[in-house]
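Letters go in sequence order (proteins before strands), and every chain restarts at 1.
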Amino acid sequence: MDDLMTINVELNAWLDQNWSPDHSLVEWRDLLVDGGWAAPGWPRAYFGRDFSPEQSALVEAEFARRGIVGAAQSGPRRLAAETILAHGSEDQKQRYLRPILTGQDAWCQLFSEPGSGSDLAGSSTRAELHGDRYVINGQKVWTTSAHHADFGILLARTDWDVPKHQGLSYFLFNMRQSGVEVRPLRQMNAHASFNEVFMTDASVDSRDLIGGEGNGWRVAATTLSIERQGFSRSRPDGGLKGLSSLQGRVYDEYRAELLIALEPYTWYPQRAGRTDLALPRARQTGAINDPHIRQELAKLLSMQQGADLAAASATALSRAGSNTVSPQGSIGKLAASVIARQAAHVHTLVAGTDAMLSGAASAEAGVIAEILLSVPAISIAGGTDEIQKNIIAERVLEMPKEPRSDTGPFRAIARNSADK
Amino acid sequence: MTTEFNDDQQQFRDVVKRFFTDKSPVSAVRRLMAEDGGYDAEVWQQLGAEVGLAGAHIPQVYGGYGFGPVELGIIAEEMGRTLYCGPFFASSVMAGYALLGGADEVCKHRLLPGIADGSTIATLVLDDLNQVDQSGRGLHGELLASAHTGSDAGSDSQQGADRATDWRLTGAAGLVLDAQVASVFLCVAATDNGLGLFLVGRDEPNLVIEPLEVIDPTRKLSRLQFNQVRAEKLGELNGAAMALLWDQLSVVLAHEMIGGAQMLLDSTVEYMKLRMQFGRPIASFQALKHRCADLLLELELAKAVTRQASHFLASAEGPRYLPSMAKAMASDTYMSLARAGVQLRGGIGFTWENDTHLWFKRAKSSEVFLGSPYLHRERMMTMIQESDCG
Ligand SMILES: Cc1cc2nc3c(=O)[nH]c(=O)nc-3n(C[C@H](O)[C@H](O)[C@H](O)COP(=O)(O)OP(=O)(O)OC[C@H]3O[C@@H](n4cnc5c(N)ncnc54)[C@H](O)[C@@H]3O)c2cc1C
């Protein structure tokens with residue numbers, strides 16, 4: 001506790017000295033990075049302070065309390081940064097981490113392909129070394145915010161003659177080059193946050209290979225594990241309280257950033273079911289007095305409480321044991337998905353026949369309708385429920401794997417006809 | 001707040017776990033469940049006087065060890081895991097908590113030490129084992145007319161008169177835990193001035209104890225009939241005291257249930273890894289792996305809430321519906337695992353020979369004991385609405 005107090009004092013003194021709403025967004029975030037307050041949970045050697053999750057949470061809470069803009073956010077940025085921290089070369093860390101924090105570089109995750117989704121190691125995007133550059137040919141799909149991205153974390157095949165997990169390599173890939181074409185895909189909830197990405201003789205410098213050739217799967221495992229831990233957030237975040245009325249250059253630029261870069265994510269809280277709205281809505285509508293709805297609501301609140309507690313103790317565990325690739329994330333992700341479905345069920349019961357409506361006509365100006373049509377994504381994105389259950393069964397309960405029919409050289413494995 | 005165990009608590013669990021693994025093997029459970037008494041006096045004596053578990057949660061001033069709900073939860077989990085057969089829940093937990101919450105100071109000093117070292121086996125008589133806070137509708141206490149006349153001499157002797165055995169209880173309690181071995185009965189009965197806690201000796205002539213056939217023979221129940229039974233009034237129980245008692249009992253039971261549920265998950269998965277069909281262990285079939293992953297998730301959530309509920313009882317931090325939330329979740333999880341425990345073993349799981357049914361029966365009995373999951377969820381929602389108004 002003592003040390004939290006000390007941190008609080010130091011942080012506030014630093015903010016008093018440095019914060020001003022008149023900075024440009026990048027200027028301000030550069031200061032944050034240099035001061036070590038942009039990502040205090042990161043290692044000291046890379047802009048951080050080695051803070052524990054509690055200590056970092058305190059910093060975040062102070063920023064929110066004082067209405068101060070923090071480092072750039074969004075999922076893929078975080079995935080890229082954490083992966084680079086875990087596996088990147090010194091040169092990669094120096095080049096990529098700062099612009100991630102300042103928001104100058106936006107990222108996307110180039111993993112899924114038409115022929116390989118759950119079976120991510122079945123990637124058939126081709127990476128061939130010519131001189132000191134890899135030439136990339138292939139197609140990615142479901143790539144969230146590719147249309148805003150400057151870089152992508154890219155999984156591609158460098159060797160077709162070894163078993164599939166061994167022939168993959170992982171690249172830090174520049175999206176702003178000819179040979180990259182991004183086409184938006186419209187989703188069932190009417191948003192278009194994910195895309196198809198076509199790479200035709202695109203290229204990447206060999207110094208942007210991360211983790212070494214043939215080690216792509218190991219590096220991707222880190223990314224996936226981090227990704228899964230991010231699904232359990234039950235409340236919407238992003239933005240500062242009262243942001244729309246805050247005055248100053250930094251706020252103007254921050255608002256613009258949210259509007260564009262975070263646009264693909266506006267529906268993400270809804271896909272997690274918005275448990276936070278269930279009880280208030282039930283009270284407001286009087287549905288709370290319906291005995292059946294009370295039961296379903298109580299189940300939802302119980303699951304959410306259990307998941308929040310389990311996530312908290314998992315964080316504590318990972319602090320003690322520290323292993324970035326942990327099956328705990330799969331339990332959390334499966335929990336988030338079960339909770340999202342129960343929340344959608346409760347929102348439907350509470351809305352009654354109004355659940356037929358959407359947009360302005362519907363409850364909470366469309367939020368409820370958006371929940372009902374967004375929840376189906378949470379059990380797919382980031383690895384489906386079925387895949388999480390495989391992981392839990394095999395890694396936590398140590399149940400045997402099923403017999404495989406995809407061993408041997410990748411070249412010889414049965415694949416979808418389109419990507420042969 | 002945290003639900004992690006500290007080192008002391010972890011060590012405590014190791015000791016408790018060793019004790020029950022050692023003293024409550026399935027062979028003992030099977031032997032005891034077939035007997036009328038249903039417990040091993042020697043093990044009970046060790047548990048009470050030597051290891052000190054019977055009084056773990058009872059404050060030191062009353063002869064206990066002064067541990068809190070968290071340690072009590074650990075004991076209950078280990079008992080649940082091994083299906084320990086003995087009057088711990090009836091005597092230490094039910095009677096112990098009732099005395100702590102409802103007896104006058106003098107009575108606590110007199111009665112709790114015996115419960116804490118196990119030399120007294122007590123049980124709690126509630127005429128409503130479902131909606132615990134509605135108890136008292138079936139059991140009434142009246143003060144004999146002669147006692148009223150003797151009470152003129154001032155408040156001191158009024159108290160003295162209440163404590164004398166000039167109360168009479170009339171009515172019935174349909175389900176009383178471990179009455180077959182209890183030497184004293186703590187009874188919650190209605191009086192003209194609200195609920196009271198009464199002490200009745202086993203040998204009272206107008207008390208009829210009728211052991212019942214039960215679905216779970218490791219949890220023995222009797223029906224008690226009171227016809228003007230001589231009783232001593234120990235104190236009063238208001239609504240808040242009854243609500244607290246219900247919470248306390250529910251949380252200990254929830255711990256017992258997650259201990260049993262964990263045992264079922266572990267043993268079932270173990271079995272599945274050994275059982276071969278179609279040339280491979282059945283644990284490699286995805287349909288079964290997915291079912292086990294679902295069960296693991298359900299159990300993890302129930303475990304987290306149950307442990308938080310005992311932290312809540314220890315610290316009063318957190319929402320007050322946690323005990324009911326825990327009881328509902330633990331009951332549902334235990335039954336899910338009980339059903340799966342049988343199903344995933346196939347035919348052998350349905351036999352008497354196989355041990356799974358012992359836990360199945362405990363799960364079924366626990367599901368309704370102290371309130372069904374449905375009732376606890378309803379209670380939880382009522383609390384949420386009350387806090388809206390307050
Ligand atoms: C909103 C959203 C955003 C996304 N964003 C990104 C992104 O930014 N970057 C990116 O790379 N990807 C992204 N994805 C892709 C996502 O990771 C994949 O859709 C997902 O992994 C499933 O792959 P698939 O779509 O090819 O389905 P498939 O793998 O074809 O699965 C079809 C069905 O088969 C089941 N199945 C497959 N294999 C097994 C198995 N072994 N056992 C049991 N069942 C199995 C699946 O569970 C599923 O139900 C996003 C997806 C969504 C919905």
Colleague: What's the separation between atom CD in A:Gln295 and atom NE2 in B:His376, rounded to the nearest 0.5 Å?
Modeller: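 A:Gln295 CD to B:His376 NE2: 11.5 Å, rounded to 0.5 Å.
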
Colleague: Can you check whether A:Arg294 reaches B:Gln385 side chain to side chain, under 4.5 Å on heavy atoms?
Modeller: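 Side-chain contact under 4.5 Å: yes.
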
Colleague: Considering non-hydrogen atoms only, spot the tightest contact between A:Leu397 and B:Leu296 and give its length.
Modeller: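 Minimum heavy-atom contact is CD2-CD1, 3.7 Å.
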
Colleague: Return the minimal non-hydrogen interatomic distance between B:His290 and A:Lys389, and the atom names on each side.
Modeller: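 Minimum heavy-atom contact is CD2-CB, 3.4 Å.
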
Colleague: Using every non-hydrogen atom in the two residues, find where B:Cys292 and A:Met399 come nearest and quote the distance to one decimal.
Modeller: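 Scanning both residues, the minimum pair turns out to be SG-CE, 3.7 Å.
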
Colleague: With a 4.5 angstrom heavy-atom cut-off, which part of A:Asp385 approaches chain B: side chain, backbone, both or neither?
Modeller: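 Neither part, no heavy atoms under 4.5 Å.
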
Colleague: Please report the interatomic distance CZ(B:Arg377) to OG(A:Ser302), rounded to the nearest 0.5 Å.
Modeller: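 If we round to the nearest 0.5 Å, B:Arg377:CZ and A:Ser302:OG are 7.0 Å apart.
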
Colleague: Count the heavy atoms belonging to other residues, nucleotides or ligands that lie under 6.0 Å from CD of A:Glu60, then report whether that count exceeds 12.
Modeller: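 Counting other residues, nucleotides and ligands, CD of A:Glu60 stays at 12 neighbours or fewer.
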
Colleague: Quick one: of A:Ala393, A:Pro400, A:Pro403, who has the most non-hydrogen atom pairs under 4.5 Å with chain B?
Modeller: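 If we count pairs closer than 4.5 Å to chain B, A:Pro400 comes out on top.
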
Colleague: Measuring from atom CD of A:Glu394 to atom CD of B:Gln286, what distance do you get when rounded to the nearest 0.5 angstrom?
Modeller: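 Going from CD on A:Glu394 over to CD on B:Gln286, the span is 8.5 Å.
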
Colleague: Counting only non-hydrogen atoms closer than 4.5 Å, does B:Tyr321 touch chain A with its backbone (N, CA, C, O), its side chain (CB onward), both, or neither?
Modeller: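 Looking at B:Tyr321, just its side chain touches chain A.
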
Colleague: With a 6.0 Å cut-off (strictly less than), is the heavy-atom count around CG of B:Asp7, excluding the residue itself, greater than 12?
Modeller: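 It does not: B:Asp7 CG has 12 such atoms or fewer within range.
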
Colleague: Quick one: do A:Glu402 and B:Lys289 make a salt bridge, cutoff under 4.0 Å?
Modeller: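 No.
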
Colleague: Checking B:Met329 against chain A: side chain, backbone, both or neither under 4.5 Å from a heavy atom?
Modeller: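 B:Met329 touches chain A through side-chain heavy atoms alone.
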
Colleague: Heavy atoms, side chains only, cut-off 4.5 Å: are B:Leu297 and A:Ile392 in contact?
Modeller: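 Side chain of B:Leu297 against side chain of A:Ile392, heavy atoms only: no contact under 4.5 Å found.
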
Colleague: Of the non-hydrogen atoms in A:Leu301 and B:Met381, which two are nearest, and what is the gap between them?
Modeller: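 Distance-wise, the nearest heavy atoms are CD1-SD, 4.5 Å.
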
Colleague: Assess the residue pair A:Leu334 and B:Asp294 against the criterion (side-chain contact (heavy atoms from CB on, under 4.5 Å)); give the C-alpha distance rounded to whole Å, side-chain angles, the decisive distance to 0.1 Å, and a yes or no.
Modeller: CA-CA 9 Å; A:Leu334 185 60; B:Asp294 286 335; 4.2 Å; yes

Colleague: Between B:Arg280 and chain A, with a heavy-atom cut-off of 4.5 Å, which part of the residue counts as in contact: side chain, backbone, both or neither?
Modeller: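 Just the side chain, heavy atoms under 4.5 Å.
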
Colleague: Could you tell me if the side chain of B:Glu300 sits less than 4.5 Å from the side chain of A:Val396, heavy atoms only?
Modeller: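 No, every pair of side-chain atoms sits at 4.5 Å or beyond.
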
Colleague: Checking heavy atoms, do the side chain of A:Leu279, its backbone, both or neither come under 4.5 Å from chain B?
Modeller: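 The side chain, not the backbone.
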
Colleague: So, for B:Pro319 and A:Gln305, which heavy atoms are closest and what is the spacing to 0.1 Å?
Modeller: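 For B:Pro319 versus A:Gln305, the nearest heavy atoms are CG-OE1, 4.3 Å.
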
Colleague: Does a side-chain heavy-atom distance below 4.5 Å link B:Ile384 with A:Leu297?
Modeller: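 Not touching, per the 4.5 Å side-chain cut-off.
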
Colleague: Where does B:Thr268 contact chain A at under 4.5 Å (heavy atoms): side chain, backbone, both or neither?
Modeller: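 It is neither, since no heavy atom gets under 4.5 Å.
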
Colleague: Surrounding CH2 of A:Trp217 (heavy atoms of other residues, nucleotides or ligands, distance under 6.0 Å), is the total greater than 12?
Modeller: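 Above 12, so yes.
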
Colleague: Sort A:Gln388 into side chain, backbone, both or neither according to what part of it lies under 4.5 angstrom from a heavy atom of chain B.
Modeller: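 It is neither, since no heavy atom gets under 4.5 Å.
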
